Visitor: 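Quick one: the structure is below, questions incoming.
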Amino acid sequence: MAVVDDTPNFFDVGFVILAGGTGSRMKANMPKQFLPLRKIPVLNYSIDLFLEQLPKYANEMGAQ
């Protein structure tokens, strides 16, 4: 039986995730995207979700 790999090719794809803010309202000593949430920087949650959903989105939009 042949294995079908329907994962889009992302070889020539780039992306930018905007993550700004100083954390001043939180009175933090570092930008809020780097503050730990359950010992993991907040930004990592956004990146993980983006990378998890990217193949599904690409397939739905007809990426080759």
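All figures in this text were calculated on a predicted structure; none of them were measured in a lab.
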Visitor: Are Leu54 and Ile17 connected into the same hydrophobic cluster when the rule is that any two of I, L, V, M, F, W, Y join if their side-chain heavy atoms are below 4.5 Å apart?
Guide: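 Yes, one cluster joins them.
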Visitor: Which ILVMFWY residues can you reach from Val42 by hopping between side chains whose heavy atoms are under 4.5 Å apart?
Guide: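 When side chains under 4.5 Å apart are linked, the cluster holding Val42 also contains Leu37, Ile40, Tyr45.
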Visitor: So how far is it from Lys32 NZ to Leu43 CG, rounded to the nearest 0.5 Å?
Guide: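 If we round to the nearest 0.5 Å, Lys32:NZ and Leu43:CG are 12.5 Å apart.
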Visitor: Can you run down the ring-ring contact (aromatic ring centres under 6.0 Å, His included) pairs that involve residues 17-41, sequence neighbours left out, and say none if there aren't any?
Guide: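 Sorted pair list comes back empty.
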Visitor: Please tabulate, for the side chains in residues 18-29, all donor-acceptor contacts under 3.5 angstrom to protein atoms that are two or more places apart in sequence or on a different chain.
Guide:
residue : atom : partner : partner atom : Å
Thr22   : OG1  : Ser24   : N            : 3.3
Thr22   : OG1  : Ser24   : OG           : 3.4

